[in-house]
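Note sheet for the following structure.
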Amino acid sequence: MPQSDPRPATAPAGEESPRLGRFLARAAAVTAGLTAAGSLFGLMRDQAIAQLFGADSDTDAFLVAWTVPELAATLLIEDAMALVLVPAFSLALSRRAARTEGTTAQADPVRTLVAATLTRLSLLLACTAGLLMLAAPYVVRVLAPGLPDIGTAVDCLRLTALTVVTFGLAGYFSAALRAHRHFTAPAAIYLAYNSATIAVMFAAHRAWGVRAAALGVAVGGALMVLIQLPPLLRRLPLRQQHPARGRRARSAARGGRPSAHAGTLVGLGVLAPVVTFAVSRQAQVFFERFMASSLPAGAISHLNYAQKVAQLPMVLSLMVCTVTFPVVARAMADGDAVAARRRVERDLATAGTVVLLGAAYVVACAPQIIGLLFERGAFDAHDTAATAAVMRVYCCGLLGHSMVGALVRPFFSGGRPPWFPAAAMGAGLAVTVGTGAPLAGGWGVLGIAAANALGITTTAALLLHGLGARVVAVDVSGVAAGLLRLLVAAAAAAGAGWTVAGLCATPLAGALAGGCAVLFVFLCVGLLVGAPELSYLSTAVKRRFPHARRHP
C-alpha cells in the first residue's frame with residue numbers, strides 16, 4: 001500500500017515522473033478499494049435504517065438531525081477543510097524541502113502550521129457543537145418547519161452535534177496525511193464510521209428507537225479520528241529538534257517569512273471563500289428537506305435513500321481527484337502550470353467517464369437496485385417505487401455534481417482561494433431555489449430532485465468556463481466536447497439497460513442483465529462517437545500493466 005511520497009524521478013518539465021505515476025496509480029487503487037468498502041457499508045447503514053425504522057415521521061426526524069453530520073462532512077472533511085489545508089500542508093512541505101543547510105535553525109514549517117491551527121480549530125469546533133446542542137429546538141424548526149413533532153429530531157440533533165468536533169478533527173488529520181501522500185487511513189474513515197453506526201443501531205434500537213441511529217453516528221465520528229492518529233503521529237513532528245528553537249518558531253509564526261506564509265493560508269481571508277462555497281453547496285440539501293417537510297410523511301426519507309444510492313457513482317468518480325489533489329496543489333505551489341493543466345484535464349476525463357457510466361446503470365436499473373437494497377422489513381413496495389423514481393431524476397445532475405467536485409480543487413490549490421467558485425455555487429443554488437418551489441408544487445419530490453439537477457449543472461458549467469479563464473489554462477471546449485460524447489454514450493446505455501432489465505423476472509436478474517447491457521452499449525457507443533477518454537483509459541491500463549499485452 002502507498003504510505004508516503006516517493007522521491008520523484010527525472011521527467012521533462014510539465015510531465016509526471018514514471019515513479020510518481022505508478023505511485024498515484026497504486027494510491028488510487030487503495031483509495032478505490034477502501035472507498036468502495038466504505039460506500040458498501042454506507043448502503044448497509046441505509047439498509048439497516050430502512051429495515052429497522054422504515055420511511056415514516058421518525059426517520060424524517062432523524063434525517064433532519066442528520067443534516068448536521070452531512071454539513072460537517074462537507075465543510076470539515078470533503079470540501080472546506082481539505083481545500084484549505086491540503087494546499088497549506090503542501091506549501092509547508094515544499095518549504096521544508098527547500099530549506100538549505102544554512103537555515104536549519106528555522107522552525108519546521110509543518111510543525112509551525114500545526115501549532116498555529118490545531119488548538120484554535122479544536123476550541124472553535126467544541127464551542128460550535130455546544131451551541132448546536134443548546135439551540136437544537138430552534139435549529140430543527142428552521143431546518144424542517146413542517147415537522148409535526150420536533151421532540152425526536154431535537155434528541156437526535158443533540159447527539160449528531162458531536163460530529164462537529166469529531167468530523168473536524170478527522171478532516172484535519174485527513175488533509176495532513178494526504179498532503180504527506182498517505183492515503184490509506186483517510187480513505188478508511190467512512191468504512192470505520194459506517195461500521196460503528198450499524199453496530200450501535202442494532203445494539204440499541206430496541207431501547208432507543210431511531211435515536212440509536214444518532215448515537216451510532218456520534219460513535220462512528222469518534223472512530224474516524226482514532227484510526228488516523230497512529231499514521232499522523234508518525235508523520236507530524238510534535239517537538240522541535242532543539243528546545244531553543246521554540247522562541248524562534250513563535251517569532252517565525254508572527255513575522256518569519258516561510259512559516260508566516262504557511263500560517264496565513266488558514267486565515268479568515270482564505271477560509272471565507274472556501275466555507276462560503278461549501279455551505280452554498282450543502283444548502284441544496286437544506287432546501288430539499290425544507291421543501292419536503294411539508295409533503296406527506298416519508299418524503300424526506302425517499303429523497304435521502306435515492307440521493308445516497310444515486311451519488312455512489314459520483315463518489316467513485318472523485319477517487320482519482322482525491323488522490324491527485326495534493327499533486328495539483330504541489331505543482332501550483334512550485335509554479336509548474338503545465339503539469340497542473342495536464343493533471344486536471346486527465347482528472348476531468350476520468351471523473352466524467354466513471355460518473356456517466358454509473359449514472360447510466362442507476363437510471364436503467366433503479367427499481368431493481370432499490371428493491372434489492374431496501375425492500376424488506378418496514379420498507380415496502382410503495383417505498384421502492386417512490387425512491388426509484390426520485391433516484392432516476394437525481395441522476396440527471398450526477399455529472400454536474402462530479403464536475404463540481406473535480407473542478408473546484410484547482411481553484412483552491414493556489415496560495416489564496418478566489419471567490420469565483422462560491423459565486424458559481426451561489427448561482428446554482430439560486431437556480432435550485434427558483435425552480436424548486438414551482439416544480440415541487442406540481443411534481444412533489446420529483447420536482448425537488450429536478451431542481452437539484454438543474455442547479456448543480458449550472459454551477460458545473462460556470463466552474464468549467466471559469467477554470468480555463470482564471471486558474472489553469474485547460475482546453476475548455478475540448479473537455480466539454482469529450483463530456484458531450486460520453487453523455488451520448490451514457491444515454492444510449494441507459495436506454496438499452498432499462499429495456500433489458502424490464503424483461504427480467506427478478507430484481508437480481510434485472511440488475512445483472514441490465515448492468516451488462518449498460519457496460520456493453522456504453523463502450524461501443526463511446527468508441528463509435530470517438531470519445532477520447534475511453535481510448536486514454538485503455539492506453540493507461542496497458543501502460544501500467546505491460547505484461548497484460550505480452551501474456552494475453
Side-chain angles (χ1 to χ4, degrees), residues 60 63-84 128 131-132 135-136 138-147 153 157 160-161 163-164 167-168 171 271-295 299-300 303-304 306-308 310-311 314 390 393-394 396-398 400-405 407-408 411-412 417-440 445 447-463:
D60 286 353
L63 292 172
V64 169
W66 205 358
T67 303
V68 172
E70 285 181 326
L71 177 60
T74 299
L75 282 176
L76 304 176
I77 299 177
E78 297 163 8
D79 283 345
M81 188 77 76
L83 294 172
V84 169
T128 303
L131 288 174
L132 271 176
Y138 307 102
V139 174
V140 169
R141 282 301 186 196
V142 170
L143 291 176
L147 281 182
L157 192 143
T160 59
T163 61
V164 173
F167 281 24
L271 286 172
V274 181
V275 171
T276 302
F277 165 82
V279 171
S280 298
R281 186 176 184 183
Q282 192 63 23
Q284 288 203 332
V285 177
F286 297 163
F287 175 73
E288 289 176 11
R289 290 181 181 167
F290 180 88
M291 295 296 298
S293 67
S294 300
L295 296 176
I300 296 177
L303 282 167
N304 173 75
Q307 188 181 59
K308 291 296 188 297
Q311 286 189 350
M314 179 201 71
V390 175
V393 178
Y394 261 130
C396 297
L398 278 187
H401 280 288
S402 182
M403 289 297 102
V404 167
L407 288 164
V408 76
F411 272 102
F412 293 143
W419 280 94
F420 183 82
M425 196 68 241
L429 179 61
V431 171
T432 299
V433 173
T435 59
L439 289 177
V445 290
I448 296 174
N452 178 294
L454 288 172
I456 200 66
T457 302
T458 300
T459 298
L462 292 173
L463 287 176

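The analysis underlying the following values was restricted to heavy atoms, covering all of them including side chains, and did not include hydrogens, waters or symmetry mates.
Nearest heavy atom pair, residue T67 against residue V64, reads OG1-O, 2.9 Å. Minimum heavy-atom separation, A153 to V140: CB-CG1, 3.8 Å. In plain terms, the two heavy atoms of A65 and L157 that are nearest each other are CB-N, 3.3 Å.
In this structure A306 satisfies the side chain to side chain contact (heavy atoms under 4.5 Å, CB included) test together with T387, V390, M391, Y394, sequence neighbours excluded. Residues passing the side chain to side chain contact (heavy atoms under 4.5 Å, CB included) test with P145, sequence neighbours excluded: F290, S293. Contacts of A461 classified as side chain to side chain contact (heavy atoms under 4.5 Å, CB included), with partners at least two apart in sequence or in another chain: none. With sequence neighbours excluded, the residues that form a side chain to side chain contact (heavy atoms under 4.5 Å, CB included) with A422 are T276, F277, W419. Listed by chain and residue number, R289, K308 satisfy the side chain to side chain donor-acceptor pair (under 3.5 Å) test with E70 (two or more places apart in sequence, or in another chain).
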Distance-only donor-acceptor pairs under 3.5 Å for side chains of residues 423-437, two or more places apart:
residue	atom	partner	partner atom	Å
T432	OG1	Q284	NE2	2.8
T432	OG1	G428	O	3.2
T432	OG1	A451	O	3.3
T435	OG1	V431	O	2.7

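A distance-only check finds a donor-acceptor pair linking the side chain of T457 to the backbone of A453 [under 3.5 Å].
Here S402 contributes atom OG and I456 contributes atom CD1; the two are 10.5 Å apart, rounded to the nearest 0.5 Å.
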Task: Steps toward side chain to side chain contact (heavy atoms under 4.5 Å, CB included) verdict (H401, N452) - done: CA-CA 10 Å; H401 280 288; N452 178 294; 3.0 Å; yes

